[in-house]
Asks: 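The structure's right below; bear with me while I get my questions together.
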Amino acid sequence: MTTDPHPAFQAAHPDFHALFPDGAAPEQLGSGHTWTEGPTYVPARQRMIYSDVRQNRTWAYTDDGQLLEELNPSEYQNGHTLDAQGRLIACSHGQRALLRQEHDGSWTTLATHFEGGRFNSPNDVALHPDGSLWFTDPTYGLDKPEEGGRGEPMEIPGRWVFRLTPDGTLSAPIRDRHKPNGLAFASPDTLLLADTGENPGTYRYHVTPQGEATLDTLHFTVSPGKTDGLRLDEQGRIWSSAADGVHVLTPDGQPLGRILFPETVSNVAFGGPDGKTLFVTASSGFWRVPTTTRALTL
């Protein structure tokens, strides 16, 4: 016998409820934070890492149910991903840098400057199948003291999206966004990029094997609020943050439904031992939701 869906699950299409097992409900795992961000599951360590940007620390939720302080201070880390070797990649507002955590726990600085100027404040990062790391660089970590801003100026003439190849080559293939934020690859030649600036929305870019990117179109918007972070599942469905929760959309950007949360959601990530748990960073809280799907693997 199936039970009625939890009231947090609001369907716009009948297929939405099939994304969750019977009896599923959002569960709060952490509270008392200030602005949670950057969830990424690290299989080698059996834990989900996430940031509390404004408290200048990161946290870990382990597979055996422990919530542990990870880094304090964290240099205002924001977004994370894994590289092709399974190492944690971090965007640091405080260091204005892209960092990598080695398997022994030490940190390596991957990039800090472009054409002689320091980055603004790297925000979110995604791995391309070719091993390159694409990361956004708005100015939130310069503009906001609570997110690491120290009154330092911009040193590059824009808020761009950068590409760092495995051999260390750095380029800026996307320069036409106002405040580029979350990003995710839908395929090797398709990047979805959220802009939280003057024309908020998630834009679709065509990516070439040479690492160039061309704007295709505005792919979708959410309401209320804006897309900050996003992930895709194994069927290409889009799981996007919004002011009222997590919005789930078809691969072509049509609404399937939403999971309501009591606070603004910043980001999401799949993880856990079977990969089917959606972890959600929502302002002062950290949550999980069981699903029937997993993250897209390219």
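Numbers here simply count residues along the sequence, with the first being 1.
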Asks: About how many Å separate CG of Asp52 and CZ of Arg54, when rounded to the nearest 0.5 Å?
Replies: 9.0 Å
Asks: Within the distance-only criterion (no hydrogens, no angle test), does the side chain of Asn120 pair as donor or acceptor with the backbone N or O of Gly158 below 3.5 angstrom?
Replies: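 Checked: pair present.
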Asks: Does Asp233 form a side-chain contact (heavy atoms from CB on, under 4.5 Å) with Arg231? I'd like the steps, not just the answer.
Replies: CA-CA 7 Å; Asp233 70 19; Arg231 294 290 192 275; over 6 Å; no
Asks: Please go through Val289's hydrophobic cluster and name the other residues, only I, L, V, M, F, W, Y counting, with side-chain heavy atoms under 4.5 Å joining them.
Replies: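 Taking Ile, Leu, Val, Met, Phe, Trp and Tyr as members, Val289 shares its hydrophobic cluster with Phe9, Phe16, Leu19, Phe20, Trp239, Val246, Val248, Leu256, Ile259, Phe261, Val265, Val268, Phe270, Leu278, Val280, Trp287.
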Asks: Can a side-chain donor-acceptor contact be found between Asp189 and Tyr205 if the only test is distance below 3.5 angstrom?
Replies: no
Asks: Start with the C-alpha gap between Thr112 and Gln95, add the side-chain angles, then the distance that decides, and say whether side chain to side chain donor-acceptor pair (under 3.5 Å) holds.
Replies: CA-CA 8 Å; Thr112 58; Gln95 294 188 35; over 6 Å; no
Asks: Is there a donor-acceptor pair closer than 3.5 Å between any side-chain N or O of Thr227 and the backbone N or O of Ala194?
Replies: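 Looks like no, no N/O pair under 3.5 Å.
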Asks: Would you please say whether a donor-acceptor pair under 3.5 Å links the side chains of Tyr76 and Arg57?
Replies: no
Asks: Measuring only between side-chain heavy atoms, which start at C-beta, is Trp107 closer than 4.5 Å to Glu102?
Replies: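 Result no, sub-4.5 Å side-chain heavy-atom pair not found.
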Asks: Taking the side chain as every heavy atom from C-beta outward, state whether Pro5 and His17 have any pair of such atoms under 4.5 Å apart.
Replies: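 Yes; the side chains approach each other to less than 4.5 Å.
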Asks: Donor-acceptor pair, Ser121 side chain versus Gly141 backbone, under 3.5 Å?
Replies: yes
Asks: Assess, by modelled atom type and distance only, whether the side chains of Asp195 and His178 contain a donor and an acceptor separated by less than 3.5 Å.
Replies: no
Asks: Only one of Asn78, Leu183, Val53 passes side chain to side chain contact (heavy atoms under 4.5 Å, CB included) with Asn123; say which it is.
Replies: Asn78
Asks: Looking at every non-hydrogen atom in both residues, tell me the closest pair between Leu230 and Ala184 and how far apart they are.
Replies: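 Residues Leu230 and Ala184, closest heavy atoms: O-CB, 4.0 Å.
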Asks: Going through the distances and angles, do Glu234 and Thr297 end up as a side-chain contact (heavy atoms from CB on, under 4.5 Å)?
Replies: CA-CA 7 Å; Glu234 56 193 349; Thr297 300; over 6 Å; no
Asks: Test His33 against Tyr50 for ring-ring contact (aromatic ring centres under 6.0 Å, His included), laying out the working first.
Replies: CA-CA 11 Å; His33 304 306; Tyr50 68 97; 5.4 Å; yes
Asks: Could you measure the distance from the OG1 atom of Thr169 to the CG atom of Leu164? Nearest 0.5 Å is fine.
Replies: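 Reported value, rounded in 0.5 Å steps: 8.0 Å.
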Asks: Sub-3.5 Å donor-acceptor pair from the side chain of His219 to the main-chain atoms of Pro251, do we have one?
Replies: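 Flag set: sc His219 to bb Pro251 pair under 3.5 Å.
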Asks: How close do Thr264 and Trp35 get, heavy atom to heavy atom, and via which atoms?
Replies: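 That closest heavy-atom pairing would be CG2-CH2, 4.2 Å.
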Asks: Mind checking the CZ-CG spacing from Arg47 to Asp64? Nearest 0.5 Å is all I need.
Replies: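 The CZ atom of Arg47 sits 8.5 Å away from the CG atom of Asp64.
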Asks: Minimum heavy-atom separation for Ile89 and Leu82, please, with both atom names.
Replies: CG1-C, 4.3 Å
Asks: Can you tell if the side chain of Met154 reaches within under 4.5 Å of the side chain of Arg159, non-hydrogen atoms only?
Replies: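 Yes; the side chains approach each other to less than 4.5 Å.
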Asks: Report yes or no: do Ser132 and Trp134 form a side-chain donor-acceptor pair below 3.5 Å?
Replies: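 Yes.
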Asks: Can Gln55 and Thr34 be counted as having a side-chain donor-acceptor contact under 3.5 angstrom?
Replies: yes
Asks: Which pair of heavy atoms, one from Glu152 and one from Leu142, lies closest together, and at what distance?
Replies: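 That closest heavy-atom pairing would be O-CD2, 3.8 Å.
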Asks: Check the pair Thr217 / Tyr203 against side-chain contact (heavy atoms from CB on, under 4.5 Å), numbers first and verdict last.
Replies: CA-CA 6 Å; Thr217 188; Tyr203 294 81; over 6 Å; no
Asks: Determine whether Ser51 and Thr36 make a side-chain contact, defined as any pair of heavy atoms from C-beta on separated by less than 4.5 Å.
Replies: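 No - every pair of side-chain heavy atoms lies 4.5 Å or more apart.
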Asks: How far does OG of Ser92 sit from CG of Leu98, to the nearest 0.5 angstrom?
Replies: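 Reported to 0.5 Å precision, the distance equals 9.5 Å.
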Asks: Kindly say whether Pro255 contributes a backbone atom to a donor-acceptor pair with the side chain of His13 at under 3.5 angstrom?
Replies: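 No, His13 side chain to Pro255 backbone: no donor-acceptor pair under 3.5 Å.
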Asks: Has His93 got a side-chain atom pairing as donor or acceptor with Glu147's backbone, closer than 3.5 angstrom?
Replies: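 Such a contact is found between His93 side chain and Glu147 backbone.
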Asks: For the side chain of Thr202 and the backbone of Leu193, is there at least one donor-acceptor N/O pair under 3.5 Å apart?
Replies: no
Asks: Do Glu263 and Ser284 meet the criterion of a side-chain donor-acceptor pair at a distance under 3.5 Å?
Replies: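 The criterion, which ignores hydrogens and geometry beyond distance, is satisfied for Ser284 and Glu263.
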Asks: Please determine if Lys179 and Glu198 form a salt bridge, counting it only when a charged side-chain N lies under 4.0 Å from a carboxylate O.
Replies: no
Asks: Regarding His247 and Asp244, do their side chains bring together a donor and an acceptor under 3.5 Å, going by distance alone?
Replies: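 Looking only at side-chain atoms, Asp244 and His247 do form a donor-acceptor pair, the distance falling under 3.5 Å.
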Asks: From Arg45 CZ over to Asp63 CG, what is the distance, rounded to the nearest 0.5 angstrom?
Replies: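 Result: 11.5 Å between the selected atoms.
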Asks: Can you see whether Tyr140 engages Thr196 through a side-chain donor-acceptor pair at a distance of less than 3.5 angstrom?
Replies: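 The answer is yes; a qualifying pair exists.
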Asks: Answer with yes or no whether the side chains of Gln235 and Arg237 bring together a donor and an acceptor at under 3.5 Å.
Replies: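 No.
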Asks: Find the distance between CG (Asn56) and CG (Leu71) and round it off to the nearest 0.5 Å.
Replies: 9.5 Å
Asks: Using side chain to side chain donor-acceptor pair (under 3.5 Å) as the criterion, list what pairs up with Arg288, not counting sequence neighbours.
Replies: Glu27, Tyr61
Asks: Check whether any side-chain heavy atom of Leu298 sits under 4.5 Å from a side-chain heavy atom of Leu296, and report yes or no.
Replies: yes
Asks: Using distance alone, with no hydrogens and no angle criterion, decide if Thr190 and Arg204 have a side-chain donor and acceptor under 3.5 Å apart.
Replies: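 Note: Thr190 and Arg204 side chains miss the donor-acceptor criterion.
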Asks: Is there a path from Val125 to Ile156 through hydrophobic residues (I, L, V, M, F, W, Y) whose side chains come within less than 4.5 Å of each other?
Replies: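 Yes: a chain of side-chain contacts under 4.5 Å links Val125 to Ile156.
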Asks: Give a yes or no on whether a salt bridge exists between Glu75 and Arg96, defined as a side-chain N under 4.0 angstrom from a carboxylate O.
Replies: no
Asks: What are the two closest non-hydrogen atoms of Leu191 and Val207, and how far apart are they?
Replies: CB-CG2, 3.9 Å
Asks: List the steps, then state whether side chain to side chain donor-acceptor pair (under 3.5 Å) holds for Thr281 with Ser266.
Replies: CA-CA 6 Å; Thr281 50; Ser266 65; 2.8 Å; yes
Asks: So, the side chain of Thr291 versus the backbone of Thr293: is there a donor-acceptor pair under 3.5 Å, distance only?
Replies: yes
Asks: Is the backbone of Ile174 close enough, under 3.5 Å, to the side chain of Arg177 for a donor and an acceptor to pair up by distance?
Replies: no
Asks: Given Leu88 and Thr40, is the side-chain contact (heavy atoms from CB on, under 4.5 Å) satisfied, shown in steps?
Replies: CA-CA 8 Å; Leu88 186 68; Thr40 291; 4.2 Å; yes
Asks: Does one hydrophobic cluster hold both Phe135 and Val161, with members joined at side-chain heavy-atom distances below 4.5 Å?
Replies: no
Asks: Any side-chain donor-acceptor pair under 3.5 Å between Thr58 and Ser74?
Replies: no
Asks: Indicate yes or no: at least one non-hydrogen side-chain atom of Phe114 is less than 4.5 angstrom from one of Leu170.
Replies: yes
Asks: With heavy-atom distances below 4.5 Å as the criterion, would you say the side chains of Phe220 and Ile238 are in contact?
Replies: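 Yes, side chains in contact.
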Asks: What's the shortest heavy-atom distance between Gly225 and Ala243, and which atoms?
Replies: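 For Gly225 versus Ala243, the nearest heavy atoms are CA-CB, 3.6 Å.
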Asks: Under the 3.5 angstrom rule, does the side chain of Gln28 hit a backbone N or O of Gly30 as a donor-acceptor pair?
Replies: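 Yes, Gln28 side chain to Gly30 backbone: donor-acceptor pair under 3.5 Å.
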Asks: Would Phe279 end up clustered with Val42 when hydrophobic side chains under 4.5 Å apart are linked, directly or stepwise?
Replies: no
